[in-house]
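Just so it is clear: chains get the letters A, B, ... in the order the sequence lines come, proteins before strands, and each one is counted from 1.
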Protein chains: 2
Amino acid sequence: MLSDGSRQILSFLLPGDIVSAAPFFDVRPHCLVEAITDVRYRNIKRAEFRTALFTNRDLFERLLKTWTKETLRADQLIVDLGRRTADERIARLILNLAERLSERGMVQSATMEIDFPLRQHHIADATGLTPVHVSKVLTEFRRSGLINISDRALTIVDPVAFRRVAQMR
Amino acid sequence: MLSDGSRQILSFLLPGDIVSAAPFFDVRPHCLVEAITDVRYRNIKRAEFRTALFTNRDLFERLLKTWTKETLRADQLIVDLGRRTADERIARLILNLAERLSERGMVQSATMEIDFPLRQHHIADATGLTPVHVSKVLTEFRRSGLINISDRALTIVDPVAFRRVAQMR
DNA sequence: CGCAAGGTTGAAGCGCATCAATGTAAGTGG
DNA sequence: CCACTTACATTGATGCGCTTCAACCTTGCG
């Protein structure tokens, strides 16, 4: 959150994600977490986990791998916010979510449909845009037959063209 | 680098910095490194370092602390690119550099002057702006007596006002 | 000298923000 | 059941911040 009331969303957490690897090593929380859907979560004791990390090499490797992915995605987001257009940012956000859901088997493979509980203002806050502009872009995406959103579900109608818009091959 | 030739700078490395913590745990390099100044560097053998990390708890803690800071700065950059104006981005970039240099004792404390080898196109690529606009903003900063740049050195003339522009208290 | 890289400046244009009106659907209390 | 509210989405008009383009200037360098 910024002092002027605007906010920037850093990431969307999906089932199985940890909020962030950083808090294991730094006491100060540096961001807020908010639930969009119903959520099941568990707390981890920092001290215990750190000891476990040091004793259990496999755990250690897996945490660091997760953190590496986190870092990679953050860097990608920096590039997106710094150098991409509104269309690209929104399309990439959607495709990234779809990809991560796909890894979890959460895509109807027949229809390329995913749960999509995000409101447009979430998309806006994640892409550095305004809700109004997000609405216009999404409407345009729909009009050109790229995607469809209705009833908290999103379908990628034309994956090839949509990936082209997102500059993702 | 993007396909259209534009690029996004993720961070500036100062003396003593590691390029990134991520490569220790992931083989694929995910970004490029370029030197602006003359540089002294050393290579670290991934495998060796990983073993050392697991045997030497202090090293382990220190790497993770470094990585935590990296993560924090990346997240801050995301906020800056997503939600801040050109003036704010540029001022924050400069103040962040000054702060990091200060930790290294690399600020002339009398004059608040730092080495500043960056070209305007570096600032542009780090802030998601164009060199032309960077020039205009810097000229305006100078004109209002906030900073001064000449001869590869930058002086923060009015720290209080400048921090206000950067929205940093 | 001639050239390349960087910086400055102004004019014009575009992408997104802002503002405002309208619509819609779900929830709430009378 | 209906008035009312609240949250969200859509749409159009207008404006602004930054980009783009282009000309010109400076500096360093082979």
Engineer: Tell me every residue that passes ring-ring contact (aromatic ring centres under 6.0 Å, His included) with B:Phe49, counting only those two or more places apart in sequence or in another chain.
Structural biologist: B:Phe24
Engineer: Report the hydrophobic cluster partners of A:Val132, with the cluster defined as I, L, V, M, F, W, Y residues connected by side-chain heavy atoms closer than 4.5 angstrom, directly or transitively.
Structural biologist: none
Engineer: Can you list every pair that meets salt bridge (Lys or Arg N to Asp or Glu O under 4.0 Å) and has a residue in residues 141-150 of chain A, with sequence neighbours left out?
Structural biologist: A:Glu140-A:Arg143
Engineer: State, to 0.1 Å, how close A:Leu97 and A:Phe116 come at their nearest heavy-atom pair, and which atoms those are.
Structural biologist: CD1-CE1, 4.2 Å
Engineer: Is there side-chain contact between A:Glu61 and A:Arg57, with heavy atoms separated by less than 4.5 Å?
Structural biologist: yes
Engineer: Tabulate protein N/O versus nucleotide N/O from nucleotides 14-18 of chain C, keeping only pairs under 3.5 Å, one per line.
Structural biologist:
residue, atom, partner, partner atom, Å
C:dC16, OP1, A:Ala86, N, 2.8
C:dA17, OP1, A:Thr130, N, 3.2
C:dA17, OP2, A:Thr130, N, 3.3
C:dA17, OP2, A:Thr130, OG1, 2.8

Engineer: Who passes salt bridge (charged side-chain N to carboxylate O under 4.0 Å, His left out) against A:Arg46, sequence neighbours left out?
Structural biologist: none
Engineer: Considering non-hydrogen atoms only, spot the tightest contact between A:Ile147 and A:Ile94 and give its length.
Structural biologist: CD1-CD1, 4.2 Å
Engineer: Show the distances under 3.5 angstrom between N or O atoms of the protein and N or O atoms of nucleotides 5-7 of chain C.
Structural biologist:
residue, atom, partner, partner atom, Å
C:dG6, O3', B:Arg119, NH1, 3.3
C:dG7, OP2, B:Gln120, N, 3.0

Engineer: Please report, to 0.1 Å, the donor-acceptor pairs under 3.5 Å made by any side chain of residues 78-92 of chain B, with sequence neighbours excluded.
Structural biologist:
residue, atom, partner, partner atom, Å
B:Asp80, OD1, B:Arg84, NE, 2.9
B:Asp80, OD1, B:Arg92, NE, 3.0
B:Asp80, OD2, B:Arg92, NE, 3.4
B:Arg83, NE, A:Arg7, O, 2.8
B:Arg83, NH1, A:Leu129, O, 3.3
B:Arg83, NH2, A:Ala124, O, 3.0
B:Arg83, NH2, A:Asp125, OD1, 3.0
B:Arg83, NH2, A:Leu129, O, 3.1
B:Thr85, OG1, B:Glu88, N, 3.3
B:Glu88, OE1, B:Thr85, N, 3.4
B:Glu88, OE2, B:Gln167, NE2, 3.2
B:Arg89, NE, B:Arg84, O, 2.9
B:Arg89, NH1, B:Thr127, O, 2.8
B:Arg89, NH2, B:Arg84, O, 3.2
B:Arg92, NH1, B:Ala166, O, 2.8
B:Arg92, NH2, B:Gln76, OE1, 3.1

Engineer: Mind checking which nucleotides bracket the chain B contacts on DNA chain D, 5' to 3', with an atom under 4.0 Å from a heavy atom?
Structural biologist: D:dC18 to D:dC21
Engineer: Which residue pairs satisfy the salt bridge (Lys or Arg N to Asp or Glu O under 4.0 Å) criterion with at least one member in residues 102-113 of chain B, sequence neighbours excluded?
Structural biologist: B:Asp17-B:Arg104
Engineer: Can you tell me how the ring of A:Trp67 sits relative to the ring of A:Phe25, calling it parallel under 30°, perpendicular over 60° and tilted otherwise?
Structural biologist: parallel
Engineer: Only counting residues at least two apart or in another chain, list the ones meeting salt bridge (charged side-chain N to carboxylate O under 4.0 Å, His left out) with B:Glu70.
Structural biologist: none
Engineer: End-to-end bend of the helix from C:dC1-D:dG30 to C:dG30-D:dC1 (five-pair axes, 10° rounding)?
Structural biologist: 30°
Engineer: Quick test of your reading: applying side chain to side chain donor-acceptor pair (under 3.5 Å), list the pairs with at least one residue in residues 147-165 of chain B, sequence neighbours left out, ordered by first then second residue.
Structural biologist: none
